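Remember, predicted model here, so these are calculated numbers, not experimental data. Proteins get letters first, then strands, A, B, ... in listed order; numbering begins at 1 in each. Any value given below was found using the heavy atoms of this structure, including those in side chains, with hydrogens, waters and symmetry copies removed.
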Amino acid sequence: MSFLGQDEQIREYQFRFRYLYICLFIAFFILISRLWYLQVMNGDRFRQYSEDNRIKKVKITSPRGMIFDRNKKLLVDNRPAFDLEVTPQELYADKEWKKTITILSKMVKMPADEIIDTLERAKGQPNFRPIKIKQDLAQEEVAVVEAHKLELPGIGIQMEIKRTNLYGDLAAHLMGYIGEVNPTELPKLNKLIPPGGTPYNMGDVTGKFGLESRMESVLRGIDGEEYMEVDALGHRKKSSNKSITSSLKPKASLPGKNLILTIDQDLQVAAQQAREKLYGNKQIGAVIALNPKTGEILAALSQPSFDPTLFSRGVSTKLWSELLNNEYHPLRDKTIQDHYSPGSTFKSITAIAALEEKVIDENTTVNCTGSFRLGNRVYHCWNKHGHGVVNIRKAIKESCDVFFYRMGQRLGIDTIAKYANMLGLGHKTGVNLAHEEAGLIPTEEWKKRRFGQEWIAGETLSCAIGQSYILTTPLQLANAYAAISTGGYLWKPYIVKYIESPDGRILKEFQPELLSQAKISKSTLDIVRGGLTAVVNEPGGTTYGHRIPGIDAAGKTGSTQVIRLSADKIHTKCESMPFNVRDNGLFAAFAPPDDPTIAVAVIAEHSCHGGSGAAPIAMDVIKTYLQKYMPERYSDEAIKAKLKSGTLAKTVKAHLKAVEDDDEDAVRTNEINVEPNPAGPASPEDND
Amino acid sequence: MDEEQFKKFDWSLIFICIFIFAAGVTNLYSATYTEFVGRGLRFWQSQLIWFGLGSVVALVIMLVHYKMLSRVAYPIYFSNLILLALTLVVGKSTLGSRRWIGFGGFYIQPSEFMKLSAVLAMAKYFEAERVTSGYKLRELLLPSTMILVPVGLILLQPDLGTAMIVMLTFISMMLFIKIDKTSLMIVLIIFGTASYPVYRYALKPYQRQRLVSFMDPASDPKGSGYNSIQSRIAIGSGQLTGKGFKKGTQSQLNFLPEHHTDFIFAVFSEEWGFLGDLVLLALYIFFFVKSLNIAYVSHDKFGTLLALGIIMIFFWHVFINMGMVCGILPIVGVPLPFISYGGSSLITSLIGIAVLTNISNKRFMF
């Protein structure tokens, strides 16, 4: 049955079988070698890869440190915020998802189209990942959504931590705000991490401004981490066997350290209330209060302001552009970032210079006729009728410009500058806050360097009354008055009293730092302080009408033009001018004059007068402070008793008289003046 | 089957296959015990049912003399060809290809059976041939056409893996029966020059992409290189002794794609490690050695060629599947016999075993 020759052929085939066996063994040898290479030689590496696949490290964000005032009143905290989230996978699984959205839109008062749009935009993401629909739900919204959760498939509420400023926009510039790390900050921040700290990643938050930024390394805690098992889609495996992850110990997060500030929140609230009483919502300016014996900052407000809470989870573009486009620069800290002409508040410095240089003494008099001629130019006193014969005390009290023109003429700019510098003007105070401006105290040499021009004698006159090139920040002004009040001790202002661990141990306490002691004789300071006391307490003083009976204070008003006026408008009533060209009102003060414990500087932009525009705010701050910390002298009972023993009737009468004639210390001049310029010192031009 | 026949019956292949299948179904259970095929059936249950059905078919084949197959070789071949053509027209379309054809609610893959039909047709064709000094190109024209027609139909589905298996099996058989040297050179040159145009124009973009990512899987680790990388991680992470039954994280957590079909060997390697792989490979080696012996000792040309063809089908399945899963070959959809899930593949494999056993048992009957 077999074919012819088939046997031969089969034998021939059988010979070829050896090749088949060889091929077979080569093939399996290749496979086994490969498996040996993968599993035995590189097994550890691949085991690690497979572990990396399934074990995800989840960050536990640590809460930031809290911020308290000096009396442990909580100012900045971490509070829960509730967000509405939609998981597309679950939402679309329901056929009636459109209805779900309609119901939802009513619950959270958000147009259904907007919700659908948000979901559309997130289409690229894996659909099991929840999408944030609305941030910061109101409590009622959370309640209603939670109550109907079962009828709303795919809808959830997510709790997140929101950095919350409990006082809203009060002292926002000081507290600052936080925001997400941006790519340019990332390397810088990571260089500054303290040992053991958590590296920054995109999506983390960091302080962007104010103390939040300045104290970032203190406030930021150390993030913890935990491990979870995930599948290829990133779903957490709930039923995963514990043994897999137990070798990887989770690490708890460590909260940031707390800051206890030198601030007394009661003073800030008092200042804010006083400002609101005067200006309502339209407040522009700054309030700063210091302890003259230590440099502790007691209050620091800048207006207009913003609520940092709105920044803590990403500021809306609408709010951001509003803040950027606001002509009064709400994002600038006016206490240190803006320059102002100090105006008549500078006269104290000119007075000190004149007394110290012995160009005058306590009894030297000048006759003020209402104007002063130098060369072919006339320099006006704010009181066009003149103050008559004035000595230094009366000149300070009534803010006589002509007296200080003369002092300027006798002293020269460089001598005035010497004393201004001694009191901390013209250079940064060194306070631990960002973007502090140095101010400007001109000298002859400075002008040559800056403009290549010779100093003009007339400019000295303007400088002597705090106008012209002179620029100070409110903080410098307060610190200068603090130094005057305490005998020339110039302290470095500071804001953080101590740093506390999350469990309440004091980790680091900040000590006062004496910058210098101005070499000014006691007799000089006594004379000037006497004048400043008279400003507030004696009839005819420029703040007499705004003093608070029983509250002892000493201070100096100032008002400065913000634009140059033509000669015929010099005596125009300030209030009749458009708001933005009205004078700025200033007041710098300390209290009580015999034993100063607080120094205050207030600037109220476009308020026309230092006396009525700025002094009442300072006086309220001073009153609050004295009543709180010196109750034996200034409690309501103590004041009542004091006033009863004094001559109350006389005080009231004097008060009425004072109201008629004070409060007009604005010297109107067509001499150069400088507007607060956000870009730095303005370049004033000389005229005539 | 009388007593003597029963005593002489060659059980070896059957036992080896039962061992491999047992490992396979256990492994399938581990890979898919949480999933359902459909109709309330688990994958491993469905696989067992297929095994039962396949065994019945195999039994029937073992009961007839394999020489009967020689008589029906061409009818089987042509019916299969018609089925293949029908598949292209009325086949069920899944994932962009038409591979399935239904008979009253029950689907088969004609391309799977074509592997066997083609081998059968070749064995039949060359049984009658008398050439001993090497076949010339002209003499190979007809058998080549007989192979290229079904290969073309399979490529149209498209099912590159199966087409490749049929092609490689044919080539291996041709090399075995000896091709004239010059003819071989000509064929090699034609293949060499044709490869680029084929790569450029005949392959689908995803197939080209697979080749690129085979050369450099890291070029697209989340896309075309993903399968290859995850599969290598699964195998490597099994290390020497494996992660243990049902503990392969790569497959259990779905990092490994197609973990019940083409990539099932990675599941096995992950859970049983290098030692487990050695056992499995040893079973396969044992299987091949035993089968080659059957072909070797077969007393007629048809039996030898048929056995050889079936061995080649198995060999290329095992080698290509394992090679691609452990990253030494590009990714081609080829199942691993007895291990991968799939009814048509399992039944085809069982038929193959039945034919081989049949050849082995009938060799003394002359």
For this session: Look up atom CE in A:Met41 and atom CD in B:Gln239, then write down how far apart they are to the nearest 0.5 Å.
Result: 14.0 Å
Exercise. Please walk me through it: do B:Phe176 and A:Phe17 pass ring pair (Phe, Tyr, Trp, His ring centres under 6.0 Å)?
Worked result: CA-CA 8 Å; B:Phe176 181 80; A:Phe17 266 92; 5.2 Å; yes
Exercise. Atom CZ in A:Arg16, atom OH in B:Tyr296: separation rounded to 0.5 Å?
Worked result: 13.0 Å
For this session: Determine which residues belonging to residues 20-33 of chain A lie within contact range of chain B, meaning some heavy atom pair is under 4.5 Å apart, and list them by number or answer 'none'.
Result: A:Leu20, A:Tyr21, A:Leu24, A:Phe25, A:Ala27, A:Phe28, A:Ile30, A:Leu31, A:Ile32
Problem set entry | Whether over 12 other heavy atoms sit under 6.0 Å from A:Lys98 NZ | no
Exercise. Are the side chain of A:Arg34 and the backbone of B:Cys326 linked by a donor-acceptor contact shorter than 3.5 Å?
Worked result: yes
For this session: Check the surroundings of atom CZ in B:Phe286: do more than 12 heavy atoms from other residues, nucleotides or ligands lie under 6.0 Å from it?
Result: no
For this session: Can you tell which part of B:Ala234 gets under 4.5 Å to a heavy atom of chain A, answering side chain, backbone, both or neither?
Result: neither
For this session: Kindly compute the distance separating CD1 (B:Ile233) from CZ (A:Arg45), expressed to the nearest 0.5 Å.
Result: 9.5 Å
For this session: Go through the atoms of B:Ser269 and report whether side chain, backbone, both or neither lie under 4.5 Å from a heavy atom of chain A.
Result: both
For this session: Please examine the side chains of A:Asn53 and B:Gln230, heavy atoms only from C-beta on, and report whether any two atoms are closer than 4.5 Å.
Result: yes
Exercise. Which distance, rounded to the nearest 0.5 Å, do you find between the CG of A:Leu35 and the CG of B:Leu275?
Worked result: 11.5 Å
Exercise. Within the side chain of A:Gln39, is there an N or O that forms a donor-acceptor pair under 3.5 Å with the backbone of B:Ser237?
Worked result: no
Exercise. Is any side-chain heavy atom of B:Leu253 less than 4.5 Å from a side-chain heavy atom of A:Glu229?
Worked result: yes
Exercise. Got more than 12 heavy atoms from elsewhere within 6.0 Å of CG, A:Leu192?
Worked result: yes
Seminar exercise, completed: Heaviest contributor of heavy-atom pairs below 4.5 Å to chain A, chosen from B:Leu240, B:Leu292, B:Asn254, B:Val289, is B:Leu292
Exercise. Which region of B:Ile311, side chain (C-beta onward) or backbone (N, CA, C, O), has a non-hydrogen atom less than 4.5 Å from a non-hydrogen atom of chain A, or is it both or neither?
Worked result: neither
Exercise. Any side-chain heavy atom of B:Gln250 sitting closer than 4.5 Å to one from A:Arg54?
Worked result: no
For this session: Mind ranking B:Gly323, B:Gly238, B:Ala295 by heavy-atom pairs under 4.5 Å with chain A and telling me who comes out on top?
Result: B:Ala295
Exercise. Which bit of B:Leu308 is near chain A, if near means a heavy-atom gap under 4.5 Å: side chain, backbone, both or neither?
Worked result: side chain
Seminar exercise, completed: OH (A:Tyr37) and CD1 (B:Ile235) are apart, to the nearest 0.5 Å, by 12.5 Å
Problem set entry | Top of B:Val318, B:Asp277, B:Leu305, B:Leu278 for chain A proximity - count of heavy-atom pairs under 4.5 angstrom | B:Asp277
